[in-house]
Amino acid sequence: MTTVVNDDRAIFARRESEARSYCRSFPTVFESGRGALLKGADGREYIDFLAGCSSLNYGHNDPVMKQALVDYITADGVTHGLDMHTGAKARFLESFEERILRPRGMDHRMMFMGPTGANAVEAAMKIARKATGRTNVIAFTNGFHGVTLGALAATGNGYHRGGAGMGLGGVTRMPYDGSLGDDVDTAEMLETMLSNPSSGIEAPAAIILEVVQGEGGLNAARPEWVKRIAEIARAHGALLIIDDIQAGCGRTGGFFSFDGMDVKPDLVTMAKSLSGFGLPLAAVLVRPEHDVLGPAEHNGTFRGNNHAFVTARAALETYWADDAFREGAEARARLLEERLTRISKRIPGSRLKGRGMMRGVDVGSGDLASEICKACFAEGLIIETSGAHDEVVKVLAPLNIDLDLFTRGLDILEEAVDQRMESTRIAAE
């Protein structure tokens, strides 16, 4: 096998599209990964605080999932089955029903479509529109739901919206919780607008939201706000869609980001860490009364990723069979909060954002955040930014990251911040 050497990236510049993104921030060639570590072709190791943008909540190459997949492949298990019945899918559904849905009293069915989160959002919006006979969808400022045209209409990010090359309609934007300041109740603002027949807002088919906005800057909605939005949706005949693509699968505490909020959404979109192993898998959880799409009315050639069903089941049975994994993630979240609070005190005007293991520091400037992340990478830490101006340094480490490794990564981040603050002080003198 030919190995790409780390200092020879000409093939990427020569043949890969200019749309490539993360590789610009992390200019090396990665060859292997285990847990929270990635190794470059030059043998250098990097601590991974990006984790596939929350697609690897259990880390790289989890040994239990890997063995389950190897066993399945070597037994000639079905790889591609469209949406036909397979044993791998049946066993995943049974495990998801037993460990996730039933304990929460959720009667939702699972719809599989194309394997991306954006495709799940597209499907959810189509379901809501068909179920209600309405077309308008309420979305929120700083929300990010994907970059295919339907999902992009609900996405707030101006840069990504600009890539559409056409008008994006069918969505009304409202302010997210806290976006207008702590003294403005944006849920009641929405209620006022929907209750006024002259507000100009069409009766919505759905209200879509992220409980914690990942790409939007780690804005975390208060539980009471989420519950109030659910009540408003119900009162006005709209379906509630919670986008749990990045914030779900344990990232913000419970398996779902809305666990413990006394909210039962009509639809939940999932992807990223649903497969547990980084394999493409997306789904929409839909309450039976809204399961209105006919056979193949929304489909996708790769809606039957049996390899992903195998690893997803292994993830559920390994990490969600009892409370040990969740408690471990909560302990790491407390450590993360403590360290980021300390780090934020070093940066004038900065603030802690997010929830659980979906945390970051708003440093007030996209340039500063970029410089911090660049300095981290130079010392062997992969970490990225988010927010409207890329002003948030965001930590998305695996939920079960080794504590010593986690501490070492946070040390690198803290040192990068200290160095940048010292440089700023010297320049000001």
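Note that the structure is a prediction, hence the values are computed from the model and not measured. Atom set for the values below is all heavy atoms of this structure, side chains included, hydrogens, waters and symmetry mates excluded. In this chain, residues are counted from 1 in sequence order.
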Using a strict 4.0 Å threshold on nitrogen-to-oxygen distance, state whether [X] and [Y] make a salt bridge.
{"X": "E391", "Y": "R351", "answer": "no"}
{"X": "E98", "Y": "R102", "answer": "no"}
{"X": "R20", "Y": "E18", "answer": "yes"}
{"X": "R408", "Y": "E379", "answer": "no"}

Under 4.5 Å between any side-chain heavy atoms of [X] and [Y], yes or no?
{"X": "V121", "Y": "I245", "result": "yes"}
{"X": "R173", "Y": "T141", "result": "yes"}
{"X": "E210", "Y": "E215", "result": "no"}
{"X": "V211", "Y": "I242", "result": "yes"}
{"X": "K353", "Y": "V212", "result": "no"}
{"X": "L293", "Y": "V286", "result": "no"}
{"X": "T116", "Y": "T148", "result": "no"}

Under 3.5 Å, is there a donor-acceptor pair between the side chain of [X] and the main chain of [Y]?
{"X": "T311", "Y": "A308", "answer": "yes"}
{"X": "S95", "Y": "F92", "answer": "no"}
{"X": "H108", "Y": "P265", "answer": "yes"}
{"X": "S370", "Y": "G366", "answer": "no"}
{"X": "K264", "Y": "G105", "answer": "yes"}
{"X": "D362", "Y": "V392", "answer": "no"}
{"X": "R251", "Y": "N57", "answer": "no"}
{"X": "S55", "Y": "G278", "answer": "no"}
{"X": "R326", "Y": "D323", "answer": "no"}

field: Pairs flagged by ring pair (Phe, Tyr, Trp, His ring centres under 6.0 Å) wherever residues 334-367 is involved - sequence neighbours left out
entry: none

In Å, rounded to the nearest 0.5 Å, how long is the span from [atom1] of [X] to [atom2] of [Y]?
{"X": "E338", "Y": "L352", "atom1": "CD", "atom2": "CG", "answer": "12.0 Å"}
{"X": "T407", "Y": "I47", "atom1": "OG1", "atom2": "CD1", "answer": "9.5 Å"}
{"X": "L274", "Y": "L281", "atom1": "CG", "atom2": "CG", "answer": "4.5 Å"}
{"X": "D390", "Y": "E384", "atom1": "CG", "atom2": "CD", "answer": "7.5 Å"}
{"X": "L335", "Y": "L403", "atom1": "CG", "atom2": "CG", "answer": "7.0 Å"}
{"X": "I100", "Y": "W320", "atom1": "CD1", "atom2": "CH2", "answer": "6.5 Å"}

How about [X]: does its [atom1] atom have over 12 heavy atoms from other parts shown lying under 6.0 Å from it?
{"X": "D322", "atom1": "CG", "value": "yes"}
{"X": "R24", "atom1": "CZ", "value": "yes"}
{"X": "K39", "atom1": "NZ", "value": "no"}

[X]: side-chain hydrogen bond (donor to acceptor under 3.5 Å, both in side chains) partners, not counting sequence neighbours:
{"X": "R129", "answer": "none"}
{"X": "E414", "answer": "R339, R342, R346"}
{"X": "N157", "answer": "H160"}

Report, one line per pair, each donor and acceptor closer than 3.5 Å where one atom sits in a side chain of residues 252-259; sequence neighbours left out.
{"from": "T252", "atom 1": "OG1", "to": "A247", "atom 2": "O", "distance (Å)": "3.1"}
{"from": "S257", "atom 1": "OG", "to": "D244", "atom 2": "OD1", "distance (Å)": "2.4"}
{"from": "D259", "atom 1": "OD1", "to": "R104", "atom 2": "NE", "distance (Å)": "3.0"}
{"from": "D259", "atom 1": "OD2", "to": "R104", "atom 2": "NE", "distance (Å)": "3.3"}
{"from": "D259", "atom 1": "OD2", "to": "R104", "atom 2": "NH2", "distance (Å)": "3.0"}
{"from": "D259", "atom 1": "OD2", "to": "F255", "atom 2": "N", "distance (Å)": "3.0"}
{"from": "D259", "atom 1": "OD2", "to": "F256", "atom 2": "N", "distance (Å)": "3.3"}

Listed by chain and number, what are the ring pair (Phe, Tyr, Trp, His ring centres under 6.0 Å) partners of [X], not counting sequence neighbours?
{"X": "H389", "answer": "none"}
{"X": "Y58", "answer": "Y319, F325"}
{"X": "F377", "answer": "F26, Y46"}

Checking [X] now: which residues fulfil side chain to side chain contact (heavy atoms under 4.5 Å, CB included) with it, not counting sequence neighbours?
{"X": "C373", "result": "I383, T385, V393"}
{"X": "N306", "result": "Y72, V78, T86, A88, F309"}
{"X": "A124", "result": "I241, L267, T269, V284"}
{"X": "A187", "result": "D185, W225, R228, I229, I232"}

